[in-house]
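Take a look at the structure set out below.
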2 protein chains.
Amino acid sequence: MVMTDAIAYLGPRLKEIRSKTGLSLREIARQLKVSPSFVSQIENGKSQPSVATLYALAKLLSVPVDVLFEPAGDPVAASIKSQDIDEVDRSNFDRPTEVWDISRARISAVNPNNRSIITMDSGVSWERLAATSEESVNFMEIIYAPGAETNKSGEMIFHNGFEYGYALEGELELTIGDLVLQLSAGHSMGFDSSIPHRFRNTSSGTFRGIWFVHGCSVPHS
Amino acid sequence: MVMTDAIAYLGPRLKEIRSKTGLSLREIARQLKVSPSFVSQIENGKSQPSVATLYALAKLLSVPVDVLFEPAGDPVAASIKSQDIDEVDRSNFDRPTEVWDISRARISAVNPNNRSIITMDSGVSWERLAATSEESVNFMEIIYAPGAETNKSGEMIFHNGFEYGYALEGELELTIGDLVLQLSAGHSMGFDSSIPHRFRNTSSGTFRGIWFVHGCSVPHS
DNA sequence: GCAGATGTTCTCTACTAGTTAACACTAGGT
DNA sequence: ACCTAGTGTTAACTAGTAGAGAACATCTGC
């Protein structure tokens with residue numbers, strides 16, 4: 001068994017993640033209700049936390065516990081850039097981190113009650129359905145409130161990659177290039193995202209769909 | 001937030017997962033190199049492990065550390081013990097990969113009544129949800145009849161690329177590497193397809209799910 | 001009956017999680 | 001310069017617990 005002392009990663013990894021949040025060591029200590037010196041000792045591998053504080057630590061930094069065992073230095077790539085994002089719903093998390101996620105597992109299973117959620121301005125939100133080590137791939141459930149649209153200014157957007165969708169419930173009007181099509185429950189589609197497009201929920205009910213965006217490394221231009 | 005002492009879940013949860021593996025408490029203890037009594041104490045919440053043993057425990061049961069903090073009784077993962085997956089034979093064409101992939105449209109919309117369907121002998125079928133110009137991408141609805149499995153021989157398969165899935169209805173048991181997890185309606189997951197895997201519908205109802213297989217350009221070689 | 005599994009609950013201690021204190025820096029403000 | 005008030009680090013110490021060991025009470029199957 002490989003059995004690299006994954007707990008040895010813990011200190012550096014922790015320090016790395018903390019620094020990304022911009023929180024000071026003392027601030028962490030205060031929220032955890034432990035002494036600052038102890039946090040330092042943990043980060044430098046001079047001491048180890050108990051499971052309780054480990055868990056609290058993960059919660060505080062809003063990362064799954066597992067990522068604390070990964071070697072430091074793993075890229076923390078946000079798959080979605082912040083330009084279109086007003087607000088990150090962190091009802092389940094206490095701390096701002098990168099928009100979506102640090103984890104880079106080869107296997108990722110997501111419980112519907114425990115998804116990362118991004119809330120867009122106009123009644124649009126995305127819930128991440130899986131987080132694998134693949135970059136430029138987003139697998140998510142998208143939700144359009146009645147009247148909500150991709151871009152309230154009415155402009156079309158385009159980007160590299162392809163986009164695929166399956167409608168779970170409700171209706172969504174897709175404008176792709178000069179084509180307009182209505183996506184209703186059970187219907188599905190896919191298209192080249194470099195074609196200018198816009199979505200809008202013209203119905204009176206919420207739209208929910210499974211979405212797959214792929215090859216979208218640079219969301220704009 | 002609920003913020004119940006999630007570490008309180010740890011004991012029962014651990015017991016639950018262990019029982020699923022069929023491993024005895026003493027066997028666990030032996031492999032962890034701790035005393036059986038201590039494992040018992042942990043499971044009954046009378047004591048707590050150190051981070052090191054916690055991590056070793058998760059590794060041993062081949063579950064991500066996080067699931068040990070989930071309340072016992074449900075969510076995601078069960079597991080089996082770590083046997084080496086030595087040799088996997090990818091016999092007949094079992095993957096959706098190169099089956100389709102002829103189309104060249106930049107936009108593709110599919111009506112549920114009008115899908116291309118491939119039916120496998122063993123109660124498994126795939127319905128194409130979109131057909132764009134992208135090669136090595138398959139977006140489909142998969143259907144597993146009760147008792148159906150990926151490969152009736154029980155062998156695992158693997159191939160390049162990644163695979164993502166969302167469960168619409170029913171239950172599907174996924175075996176990915178040495179990890180076994182149950183996918184039920186609303187749950188989702190993704191994984192590196194190069195990990196040997198097998199799916200099986202162990203329930204009495206039909207399973208339906210949205211599936212996305214991608215990057216599987218060279219399924220064999 | 002015995003031999004071998006299983007999990008549980010005591011008692012006990014070596015060790016460590018976590019503290020307090022003082023340490024050495026920075027950057028600003030007066 | 002001389003203060004704060006912030007940052008992280010390291011010693012010395014200790015109260016508490018991680019974990020061991022043994023004896024316990026089951027169940028099998030022979």
Side-chain angles (χ1 to χ4, degrees), chain A residues 1 3 5-61 63 65-66 68-69 72-73 94-97, chain B residues 3-61 63 65-66 68-69 72-73 78-81:
Chain A
M1 167 98 56
M3 216 52 234
D5 244 4
I7 59 165
Y9 296 150
L10 203 151
R13 180 62 166 176
L14 177 57
K15 191 174 218 158
E16 177 192 42
I17 294 178
R18 177 178 63 80
S19 71
K20 280 203 179 96
T21 72
L23 292 169
S24 79
L25 176 152
R26 281 179 148 89
E27 177 63 20
I28 295 278
R30 226 198 52 223
Q31 297 205 36
L32 280 186
K33 291 201 267 274
V34 299
S35 67
S37 71
F38 187 47
V39 176
S40 172
Q41 288 170 39
I42 293 172
E43 288 190 351
N44 296 6
K46 311 236 176 197
S47 188
Q48 285 183 6
S50 68
V51 279
T53 57
L54 176 78
Y55 183 79
L57 213 31
K59 263 280 191 287
L60 181 63
L61 298 169
V63 293
V65 180
D66 292 273
L68 295 179
F69 291 108
D94 330 289
R95 279 285 135 203
T97 18
Chain B
M3 214 50 230
T4 40
D5 252 1
I7 59 166
Y9 296 150
L10 203 151
R13 179 62 164 175
L14 178 57
K15 192 173 219 159
E16 177 193 43
I17 294 178
R18 179 177 62 80
S19 70
K20 281 203 181 100
T21 73
L23 291 169
S24 79
L25 176 152
R26 280 179 148 87
E27 177 63 19
I28 294 277
R30 225 199 53 225
Q31 296 205 37
L32 280 186
K33 291 201 266 271
V34 298
S35 67
S37 71
F38 187 48
V39 177
S40 173
Q41 288 168 41
I42 293 173
E43 289 189 351
N44 297 3
K46 312 237 176 198
S47 189
Q48 285 183 5
S50 68
V51 279
T53 57
L54 176 77
Y55 183 81
L57 211 32
K59 262 282 190 288
L60 180 63
L61 298 169
V63 294
V65 180
D66 291 274
L68 295 179
F69 291 108
S79 66
I80 47 174
K81 77 158 90 156

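Computed from a predicted model, the values in this text were never measured in an experiment. Every chain is numbered from 1 and lettered A, B, ... according to where its sequence line falls, protein lines coming before strand lines.
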- [ ] To the nearest Å, give me how far apart CD1 (A/Ile28) and P (D/dG8) are.
- [x] 10 Å

Open item on the list: If I compare all heavy atoms of B/Leu25 with all of B/Arg18, which pair ends up nearest, and what's the gap?
Closed with: N-NH1, 3.1 Å

Task: Overall bend - the helix from C/dG1-D/dC30 to C/dA22-D/dT9, comparing terminal axes fitted on five pairs, nearest 10 degrees - done: 30°

Task: Candidates D/dA20, C/dG18, C/dT6 - which lies nearest the side chain of B/Ser24 - done: C/dT6

Open item on the list: Without decimals, in angstroms, what is the distance between A/Leu54 CG and C/dG18 P?
Closed with: 10 Å

Task: Whole-Å distance separating the CG atom of A/Leu25 from the C1' atom of D/dT10 - done: 13 Å

Open item on the list: What's the separation between atom CD1 in A/Ile28 and atom CD1 in A/Ile42, rounded to the nearest 0.5 Å?
Closed with: 10.5 Å

- [ ] For residues B/Gln48 and A/Val51, report the shortest heavy-atom separation together with the two atoms involved.
- [x] OE1-CG2, 3.3 Å

Task: Reported NZ-to-OG1 distance for the pair B/Lys33 and B/Thr53, which is rounded to 0.5 angstrom - done: 13.0 Å

Open item on the list: With side chain to side chain contact (heavy atoms under 4.5 Å, CB included) as the criterion, how do B/Leu57 and B/Val39 come out once you've worked through the C-alpha distance, each side chain's angles and the decisive distance to 0.1 Å?
Closed with: CA-CA 10 Å; B/Leu57 211 32; B/Val39 177; 6.0 Å; no

Task: d(CZ, A/Phe38; C1', D/dC13) in whole Å - done: 15 Å

Open item on the list: Any donor-acceptor pair, under 3.5 Å, between the side chain of A/Arg26 and the base of D/dG8, if you only look at N and O atoms?
Closed with: yes

Open item on the list: Side chain of A/Ser35, heavy atoms from C-beta onward: which of C/dA17, D/dG8, C/dT19 has the nearest atom to it?
Closed with: C/dT19

Open item on the list: Please tell me if B/Ser50 has a side-chain N or O lying less than 4.0 Å from either OP1 or OP2 of C/dA17.
Closed with: no

- [ ] For A/Arg30 and C/dT20, give me the distance from atom CZ to atom C1', rounded to whole Å.
- [x] 19 Å

Open item on the list: On the side chain of A/Gln41, is there an atom forming a donor-acceptor pair with the base of C/dT19 - under 3.5 Å, no angle test?
Closed with: yes

Task: A/Phe69 CZ to A/Leu54 CG distance, which is reported to the nearest 0.5 Å - done: 5.0 Å

- [ ] Write down the distance between CG (B/Leu57) and C1' (D/dA18), rounded to a whole number of angstrom.
- [x] 14 Å

Task: Nearest-angstrom distance from the residue atom CD1 of A/Ile42 to P of C/dT16 - done: 15 Å

Open item on the list: On the nucleotide D/dT9, are OP1 or OP2 found under 4.0 Å from the side-chain N or O atoms that A/Lys15 carries?
Closed with: yes

- [ ] Return the 5'-most residue of the pair B/Ser37, A/Ser47 with respect to DNA chain C, ranking by each residue's nearest nucleotide.
- [x] B/Ser37

Task: B/Arg30 CZ to B/Ser35 OG distance, which is reported to the nearest 0.5 Å - done: 14.5 Å

Task: N or O in side chain of A/Asn44 less than 4.0 angstrom from D/dT9 OP1/OP2 - done: yes

Task: Rounded interatomic separation in angstrom, taking CZ from B/Arg18 and C1' from C/dT6 - done: 9 Å

